Structure formats: structure tokens, C-alpha cells
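Keep in mind that this is a model prediction, so the values were computed, not measured.
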Amino acid sequence: MLEDNIDDLYDGSPCGNVSTLLDGTIAKINATLLGWLGYTREDVIGRKRFSDLLTVGGKLYHETHFAPTLQMQGEINGVALELRRADGSRLPVLVTSVVKTGSDGQPLLIRTTVFDARERRAYENELLHARQEADAERERLRGLIAGLQHSLLPDTLPAPPRTQTSAYYHMASADRIGGDFYDLYPLDASRWGFFLGDVCGKGLAAAATTAAARHTLRTATAYDPDPAAALAHLNTVLYQDHRSRSHRHCTVILGILTPTPTGYSITLAGGGHPAPMLLRADGTVAPRPTTGGTIIGGLRTPRIATRTFPLEPGDTLILYSDGLLEARCGLGAELFGEESLQEFLARLAPTSAPAAVSALTELLATFQRLDDDVALMAVSIDAGPPAHTRA
């Protein structure tokens, strides 16, 4: 084995070494550290304290944390500091200090090892810059996703005569666009169409299907205001790509509002979608299922269920996507479910569309977890007399 001179090993060590008295006065320093700092031994030994080699911020940290910790624990490891060179420039370093004691256990001096941290600091700065760029790119992507999601929904929700309407959309993830959609629109001078649906999956393929579904349903009901025929037409459009990887199916509730002397008659057609909830003016709540309807776009010939019922003054109809029913709540993170939703709405009835959507929006914030997007839409009939009978 090669023998090495101890003094030369100390002086030419790849790291800086400095020994100080207990008050910090430098008693010994190696050539490596002197070379980094640009000092001579005569400049520092007996003339400077270790803290004098630090920047202003480093001095403050040394006095308030470094020195007290060293005094209490006898050592302190890997502390990031900056040394001030003779020319005023800064040198990032990692510092480890230990207190040397005598045979009687009394402290004699402090030995400090200094590691050059310039490459590490440069690497950390690169990582920080890369993270900042990634965060900025993520925010830009989220902005694009939010904008695309917004473009798939109506800017405003109109209100047919004698009604109030309201809607809300909750994105489960800011990083992935969802497939829930809704709309309410006039068909002619008196009738109105509305729908709420949920495309399976997320991402661009789901967004494309959502756009196609909205356009198809609006166009189909404009030519033929039969909700079952409109869903059948949508099924034809979606099913034609059923062999494609980008194929998506959806669940939908579509309705037609037809005015009556006191309110509206609603004809619903359903394709595998959760049942809307009807909150009556007398405070009762009941689902209005379209039982038997199958998902749209999954079969060549789907089953489409329909039903008709009145919407009278003081009544509110609430449509929602299954993300609401699949929300996790309680200590056991159970599914919220239709029964819990009906119980919640029973505490609201009778109510109006804006109040109902506001209450459901607040409810979403209380859930333990929301794994899927949630779309809400409500229509209520004014509790007062029809407009033509008012003074």
C-alpha cells in the first residue's frame, strides 16, 4: 500500500478543512479551502472567525441555528451555506462541523469540513427551472382543457317562459377532459328541448363524441321533436364507428317541454341514464326513471324508454350524471347512491332550479372523493299564476 504524508493529505484534500477555537477564531485551514476563497493563511489564521467567511445571510443562520445546534449536539451535518471569497463573489458549500473534546470530555476546538457545492447548486437550479417550466406547461394544459370543456357546454342556459333554470359542471380532474354534457334550447315558438348525457371515458375521444352528441341531438330534435327518434338517430351516428378504437358510447336523458295552461308537459326518452328527480310543490320527491333504456351507441338497435308527466307550478326537475351517485362519502367512503340523493332532495323540496343546483354544488364539496365529472341541470316552474293571467 502507498504511504501518504498526513500533512499533505490534510492540506491537499479534495474538500476544505478548517479548525477553529471555540469562539470561532480560525486556528488551522488547508490549502484547498484557501484556494477556493482566494486568501492566504496570514489573511485568516488568528485574524478571522469562521463566521467572517460567510455571507450576511449565512452569518445570521450561523448565529441563530448552526452554532447553537453545534454547541448542544456536538456536531451538525450537511448544512448548505455560502462562503464569501476575497473578491466578494460567493461560493455555495455544504458544511459539517464536530466539536473535538479532551480526555476529560471538555470541548477543545471545532473541526469543520467544507464541500464545494457549485455543481450541486447548478444541478438544483436546473431541476428548479425544469420544474417551473413543467408547472407552467401543466397550467397551460389545464387552461386548454378547461377552455375545451367549456366549449362543449352552453355559455348560458336559457329559461323558457314561466320557468327558472340552472346548471353546474364539476371537473373531477383538471388534467383530463370529461364527457358529461347538457343543453336546453328552443325548438319553435313554444316547445323546448333539453338533454343531459355522459360519454364513457375521458380525453380527446370523449370530447369529440360529446361535441358530436350535442350537435346531433339539437339537429335531430329541430327536424323531429320526438325524443325517442332523436336518441335513435344519435345511436346510428355513434354506432357506425363501433369497430374503431376511438368509439365511445354514452348515456342520455332527452326531454321535450310542451306548454300547458298551468305549466309544461314533459316527454322524456332515456338511454341508460340515471333517473331524473322530480321535486313536487307539495314537498314530495320521486325519481322519473326511463326503465329499460339501453346505452346509446353500444348496440345496433337500442331500447329507448319514454314517459310523459306534467311539470306544474312549484315543481322542479333535476337531471344529473352518474358521477354524483358514484361520489364517495362517509368514513367508509361508501357510494352516495340514488337513495341518499332522494333523501337529500327531500330536505330541499319544494324549491327552485337555482336553489337546488346551489345546494347540490355545496354537497359536492363535502364528499370525500369525486372520481368522475358531475353535470347538473334543473328546470322549475314558477310558483305564481301563468304569465297571461297576471295583472
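- Partners of D104 according to the side-chain contact (heavy atoms from CB on, under 4.5 Å) rule, which considers only residues two or more places apart in sequence or in another chain, are Q106.
- Evaluation of the salt bridge (Lys or Arg N to Asp or Glu O under 4.0 Å) rule for D43 yields no partner, not counting sequence neighbours.
- Contact check on R280 versus D282 returns no salt bridge, with no Lys/Arg side-chain nitrogen under 4.0 Å from an Asp/Glu carboxylate oxygen.
- Residues forming a side-chain contact (heavy atoms from CB on, under 4.5 Å) with R300 (at least two apart in sequence, or on another chain): Y239.
- Counting heavy atoms from C-beta on, the side chains of W36 and L83 never come closer than 4.5 Å.
- In terms of the side-chain contact (heavy atoms from CB on, under 4.5 Å) criterion, residue partners of L21 (sequence neighbours excluded) are, by chain and number, D23, T25, A27.
- In this structure, L70 and V99 have side chains that are in contact, with non-hydrogen atoms separated by less than 4.5 Å.
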Side-chain donor/acceptor pairs under 3.5 Å, residues 46-57, sequence neighbours excluded:
residue: R47; atom: NE; partner: E42; partner atom: O; Å: 3.0
residue: D52; atom: OD2; partner: R49; partner atom: N; Å: 2.8
residue: T55; atom: OG1; partner: G58; partner atom: N; Å: 3.2

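- Remark: D180 CG to Y169 OH distance equals 4.0 Å, nearest 0.5 Å.
- Considering only heavy atoms from C-beta on, L364 comes within 4.5 Å of Y168 through its side chain.
- Checking each of L317, I266, T267 against L257 for a side chain to side chain contact (heavy atoms under 4.5 Å, CB included) leaves exactly one that passes, namely I266.
- Taking 4.5 Å as the limit, some side-chain heavy atom of I318 sits within range of a side-chain heavy atom of L345.
- Under the 3.5 Å distance criterion, the side-chain polar atoms of N30 are matched with a main-chain donor or acceptor of N17.
- Between D372 and K202 a salt bridge is recorded (basic side-chain N to carboxylate O distance below 4.0 Å).
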Anything under 3.5 Å between a donor and an acceptor, one on a side chain of residues 350-361, the other on a protein residue two or more places apart or in another chain? List them.
residue: S352; atom: OG; partner: A355; partner atom: N; Å: 3.4
residue: T361; atom: OG1; partner: V357; partner atom: O; Å: 2.7

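- Considering only heavy atoms from C-beta on, V379 stays 4.5 Å or farther from W192 through its side chain.
- With a 4.5 Å cut-off between side-chain heavy atoms of Ile, Leu, Val, Met, Phe, Trp and Tyr, the cluster of I256 takes in F181, Y185, L187, F195, V199, L217, L231, L234, L238, V252, L254, I296, I304.
- With sequence neighbours excluded, the residues forming a side-chain contact (heavy atoms from CB on, under 4.5 Å) with P289 are A275, P287, T291, R307, listed by chain and number.
- Judged purely by atom type and a 3.5 angstrom limit, T32 uses its side chain to pair as donor or acceptor with the backbone of S13.
- More than 12 heavy atoms of other residues, nucleotides or ligands shown are found within 6.0 angstrom of CD on Q240.
- Residues passing the ring-ring contact (aromatic ring centres under 6.0 Å, His included) test with H65 are Y61, sequence neighbours excluded.
- Across every non-hydrogen atom of N235 and L299, the tightest pair is ND2-O, 2.9 Å.
- Side-chain contact check for D373 versus S321: every heavy-atom pair is 4.5 Å or farther apart.
- Listed by chain and number, the residues in a salt bridge (Lys or Arg N to Asp or Glu O under 4.0 Å) with R140 are E137 (sequence neighbours excluded).
- L376 is not listed as a side-chain neighbour of Y182, based on a closest heavy-atom distance of 4.5 Å or more.
- The side-chain hydrogen bond (donor to acceptor under 3.5 Å, both in side chains) analysis of residues 78-89, with sequence neighbours excluded, yields the pairs E82-R90, E82-R121, R85-S89, D87-S89.
- For R191, the salt bridge (Lys or Arg N to Asp or Glu O under 4.0 Å) criterion is met by D188, not counting sequence neighbours.
- A heavy-atom distance below 4.5 Å is found between the side chains of Y264 and P161.
- Atom OH of Y10 has more than 12 heavy atoms from other residues, nucleotides or ligands within 6.0 Å.
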